[in-house]
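Here's the structure, in structure tokens; my notes come after.
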Amino acid sequence: MKTILVTGGLGYIGSHTVVELLQNNFHVIIVDDMSNSEKFILDNIEKVAGKRPVFFPFDLKRKELLYQVFEAYEIDGCINFAAFKAVGESQEKPLDYYENNLFSLINILQEFKARNISNFIFSSSCTVYGQADQQPIDENTPLKMPESSYGKTKQMGEEILKDFATAYKKKVSLLRYFNPIGSHPTALLGELPIGVPNNLVPYVTQTASGIREKLSIWGNDYDTPDGTAVRDYVYVVDLAKAHVKALQKLMAENSDTVIDIYNLGTGKGSSVLEVVESFERANEVKVPYQICERRAGDITIAYANADKAERELGWKAETSLDEALRTTWEWQKYLESRK
Ligand code: UFG
């Protein structure tokens, strides 16, 4: 059985991926500092997967603690989710973002180098493309330096990993997520936004449940069919499955050095209004909204060409927007039932 270190394994995409790894017979070790998660997620992972992963609550910047984990377990690979991810906050606290997202990454890579471990999967983002000149966005689309410090940590993380793979003959996979949404079909795992959500789907969900009065739609004067911005919303369980496939591919590679890059999206763009309509249709609830000014830094449109992931990983996003948004609503009801 292979042992995989999953950093940020109690987080949103991390927890769903841990379940998929356990269901595919990997031994999982989670390191998560709980800065954006809660302990009940660990219990729920066990309920869903029927197995409890090993869990260490600490900050990956604590090199001495990380060293002890690598001493105690024979680790075969890592999926690195641990990172700060709030775009707006990163503009106010850029040093915190660079320090947290990049030092923790480098600390793990130092252990990989010292112990001759390969197989590293990095959570990247479509933010590395900025506003692309053409849609859909494939992996050869030129990168643009993102505006936010958060986005810059993703682009820098990719560069660090490319150098790491080349210099030390390692296998790495850079997964560029489009917009992850939805919750586990059991309603036991999902996103836990802290405070007022920045992202669209958590805000829509909280508005439908009455926690927020009204959704603000940031702009309806974009050059898109209905004037609202377009994104590629990909279901989190589909996304989690892609990680297992990317890992299995790396492990099966014969060559020493591998740098895989995949866009993970559905290939379909949906506007903000389409997301609202889909949520209302899927869950038979109303989402009151108002149209507001554009949000600073927002791009007009981004959706993926994910053919490479289908060709090389045998992965394809399978879940519809309606279905994904149904799971989100079930998760919201679950969270309210816990209060
Ligand atoms: N939106 C609203 N109202 C809201 C929240 C969002 O109208 O209350 C709109 C945004 O303006 C945007 C769309 O919904 O047009 C999606 O917004 P999100 O904040 O959910 O997602 P973004 O595409 O802005 O950001 C996402 C990830 C980032 C990543 C970025 C890359 O959250 O981590 O994609 O483009 F950097």
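Only heavy atoms go into these numbers, but all of them, side chains included; no hydrogens, no water, no symmetry mates.
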(message) Is it true that, when you exclude Glu46 itself, more than 12 heavy atoms of the residues, nucleotides or ligands shown sit nearer than 6.0 Å to its CD?
(response) yes
(message) To the closest 0.5 Å, what do you measure between CD1 (Ile217) and CD1 (Ile291)?
(response) 4.0 Å
(message) For residues Leu200 and Tyr235: do they belong to one hydrophobic cluster (side chain heavy atoms under 4.5 Å, members Ile, Leu, Val, Met, Phe, Trp, Tyr)?
(response) no
(message) Quick check on Lys2: does its NZ atom have over 12 non-hydrogen neighbours (other residues, nucleotides or ligands) under 6.0 Å away?
(response) no
(request) State, yes or no, whether a side-chain contact exists between Asn44 and Thr186 at a heavy-atom distance under 4.5 Å. (result) no
(request) State, with a plain yes or no, whether a side-chain heavy atom of Lys61 is found less than 4.5 Å away from one of Asp33. (result) no
(message) Taking transitive links into account, so neighbours of neighbours count too, which hydrophobic residues share a cluster with Tyr97 at under 4.5 Å side-chain distance?
(response) Phe84, Val87, Tyr150
(request) Show your reasoning for whether side chain to side chain donor-acceptor pair (under 3.5 Å) applies to Gln91 and Ser148. (result) CA-CA 6 Å; Gln91 299 299 82; Ser148 72; 4.9 Å; no
(request) Would you kindly confirm whether Leu321 and Val272 end up in one hydrophobic cluster when ILVMFWY residues are joined by side chain heavy atoms under 4.5 Å apart? (result) yes
(request) Report, as yes or no, whether the 6.0 Å neighbourhood of atom CD on Glu284 holds more than 12 heavy atoms from other residues, nucleotides or ligands. (result) no
(message) Looking at Glu318 and Lys316, is any side-chain nitrogen of the basic one under 4.0 Å from a carboxylate oxygen of the acidic one?
(response) no
(request) In plain terms, say whether Arg281 and Asp322 are close enough for a salt bridge, that is, a side-chain N and a carboxylate O under 4.0 Å apart. (result) yes
(request) Dump the intermediate steps for side chain to side chain contact (heavy atoms under 4.5 Å, CB included) on Thr224 and Ser271, then the final yes or no. (result) CA-CA 8 Å; Thr224 60; Ser271 73; 5.6 Å; no
(message) So that I can tick it off, tell me whether Glu139 and Arg176 are bridged by a salt bridge, with the cut-off set at under 4.0 angstrom between side-chain N and carboxylate O.
(response) no
(message) Show, in sequence, the C-alpha distance, side-chain angles and deciding distance for Asp59 and Leu65, and conclude whether the side chain to side chain contact (heavy atoms under 4.5 Å, CB included) test is met.
(response) CA-CA 9 Å; Asp59 181 334; Leu65 296 180; over 6 Å; no
(request) Check whether any side-chain heavy atom of Gln23 sits under 4.5 Å from a side-chain heavy atom of Glu20, and report yes or no. (result) yes
(message) Any side-chain to backbone donor/acceptor pair from Ser278 onto Glu274? Under 3.5 Å, distance only.
(response) no
(request) Validate the cation-pi geometry between Arg231 and Tyr177: distance from NZ or CZ to the six-membered ring centre under 6.0 Å, angle to the ring axis within 45°. (result) no
(message) Taking side-chain hydrogen bond (donor to acceptor under 3.5 Å, both in side chains) as the cut-off, I'd like each qualifying pair that reaches into residues 204-214, sequence neighbours left out, listed once.
(response) Gln206-Arg212, Ser209-Glu336
(request) Hey, could you give me the NZ/CG distance between Lys170 and Asn116, rounded to the nearest 0.5 Å? (result) 4.5 Å
(message) So that I can tick it off, tell me whether Lys93 and Glu99 are bridged by a salt bridge, with the cut-off set at under 4.0 angstrom between side-chain N and carboxylate O.
(response) no
(request) Would you check if the side chain of Asn283 reaches a backbone N or O of Leu325 as a donor-acceptor pair within less than 3.5 Å? (result) yes
(message) To the nearest 0.5 Å, what is the distance between OG on Ser123 and NZ on Lys85?
(response) 10.0 Å
(message) Using the rule that Ile, Leu, Val, Met, Phe, Trp and Tyr join whenever any side-chain heavy atoms are under 4.5 Å apart, tell me whether Tyr73 and Met251 fall into a single cluster.
(response) no
(request) Determine whether the aromatic ring centres of Tyr334 and His184 lie less than 6.0 Å apart. (result) no
(request) Locate the shortest heavy-atom distance separating Asn107 from Leu60; write the atom from each residue and the value. (result) ND2-O, 3.0 Å
(request) Check the surroundings of atom OH in Tyr289: do more than 12 heavy atoms from other residues, nucleotides or ligands lie under 6.0 Å from it? (result) no
(request) State whether the side chain of Trp315 and the backbone N or O of His243 hold a donor-acceptor pair below 3.5 Å, judged by distance alone. (result) no
(request) State whether the side chain of Asp138 and the backbone N or O of Asn140 hold a donor-acceptor pair below 3.5 Å, judged by distance alone. (result) yes
(message) Given 3.5 Å as the limit, does a donor-acceptor pair link the side chain of Ser173 with the main chain of Ala246, or not?
(response) no
(message) Taking the side chain as everything from C-beta on, heavy atoms only, tell me whether Asp32 gets closer than 4.5 Å to Phe81.
(response) no
(message) Looking at Asp43 and Arg52, is any side-chain nitrogen of the basic one under 4.0 Å from a carboxylate oxygen of the acidic one?
(response) yes
(request) Without swapping roles, check the side chain of Asn119 against the backbone of Asp76 for a donor-acceptor pair under 3.5 Å. (result) yes
(request) Answer whether the closest heavy-atom distance between the side chains of Ile137 and Phe178 falls below 4.5 Å. (result) yes
(message) What I'd like to find out is whether the side chain of Leu143 reaches to under 4.5 Å of the side chain of Tyr129, using heavy atoms alone.
(response) yes
(message) Are Leu239 and Ile181 connected into the same hydrophobic cluster when the rule is that any two of I, L, V, M, F, W, Y join if their side-chain heavy atoms are below 4.5 Å apart?
(response) no
(request) Find the distance between OH (Tyr233) and CG (Asn199) and round it off to the nearest 0.5 Å. (result) 9.0 Å
(message) Taking the basic N atoms (NZ, or NE/NH1/NH2) and the acidic carboxylate oxygens, is any pair closer than 4.0 Å for Lys144 and Asp133?
(response) yes
(message) Minimum heavy-atom separation for Ala242 and Leu313, please, with both atom names.
(response) O-CD1, 4.3 Å
(request) Show your reasoning for whether side chain to side chain contact (heavy atoms under 4.5 Å, CB included) applies to Val237 and Val19. (result) CA-CA 9 Å; Val237 177; Val19 164; over 6 Å; no
(message) Looking at Asp232 and Thr266, would you say the former's side chain and the latter's main chain have a donor-acceptor pair under 3.5 Å?
(response) yes
(message) Check for me whether Lys154 meets the cation-pi criterion with Phe122, that is, NZ or CZ under 6.0 Å from the six-membered ring centre and within 45 degrees of the ring axis.
(response) yes
(request) Measure the shortest side-chain to side-chain distance between Ile261 and Lys162 over non-hydrogen atoms and say whether it is less than 4.5 angstrom. (result) yes
(message) So which atom in Leu250 and which in Val172 form the shortest heavy-atom distance, rounded to 0.1 Å?
(response) CD2-O, 3.8 Å
(request) For the pair Trp331 (side chain) and Glu191 (backbone), establish whether a donor and an acceptor sit closer than 3.5 Å, ignoring hydrogens and angles. (result) yes
(message) Under 4.5 Å between side-chain heavy atoms, counting indirect links through other Ile/Leu/Val/Met/Phe/Trp/Tyr residues: same cluster for Tyr168 and Leu109 or not?
(response) yes
(message) Is any side-chain heavy atom of Asn25 closer than 4.5 Å to one of Lys51?
(response) yes
(request) Please step through side chain to side chain contact (heavy atoms under 4.5 Å, CB included) for the pair Leu105 and Thr153, ending with a clear verdict. (result) CA-CA 10 Å; Leu105 170 64; Thr153 68; over 6 Å; no
(request) Can you see which heavy atom on Asn101 is nearest to which on Ala83, and at what distance? (result) OD1-CA, 3.4 Å
(message) Can you tell me if Glu64 has over 12 outside heavy atoms packed within less than 6.0 Å of its CD?
(response) yes
(request) Write down the atom of Gly265, the atom of Ala306, and the distance for their closest heavy-atom approach. (result) O-CB, 3.6 Å
(message) Can you confirm whether Asp221 is buried at CG, in the sense that more than 12 heavy atoms of other residues, nucleotides or ligands lie under 6.0 Å from that atom?
(response) yes
(request) Would you check if the side chain of Glu280 reaches a backbone N or O of Val287 as a donor-acceptor pair within less than 3.5 Å? (result) yes
(request) Fit a plane to each ring of Phe164 and Phe120, take the angle between them on a 0 to 90° scale, and name the class: parallel (under 30°), tilted (30 to 60°) or perpendicular (over 60°). (result) perpendicular
(message) Between Thr327 and Ser183 (side chain of the first, backbone of the second, donor and acceptor by atom type, cut-off under 3.5 Å), is there such a pair?
(response) yes
(message) Quick check with a 6.0 Å cut-off and a 45 degree axis cone: is Arg338 positioned over the face of Phe40's six-membered ring?
(response) yes
(message) Can you tell whether the side chains of Arg326 and Glu330 come within less than 4.0 Å, N to carboxylate O?
(response) no
(message) For Glu253, I'd like to know if atom CD has over 12 heavy atoms of other residues, nucleotides or ligands within 6.0 Å.
(response) yes
(request) Taking all non-hydrogen atoms of both residues into account, name the closest pair between Gln155 and Val128 and its distance. (result) OE1-O, 3.5 Å
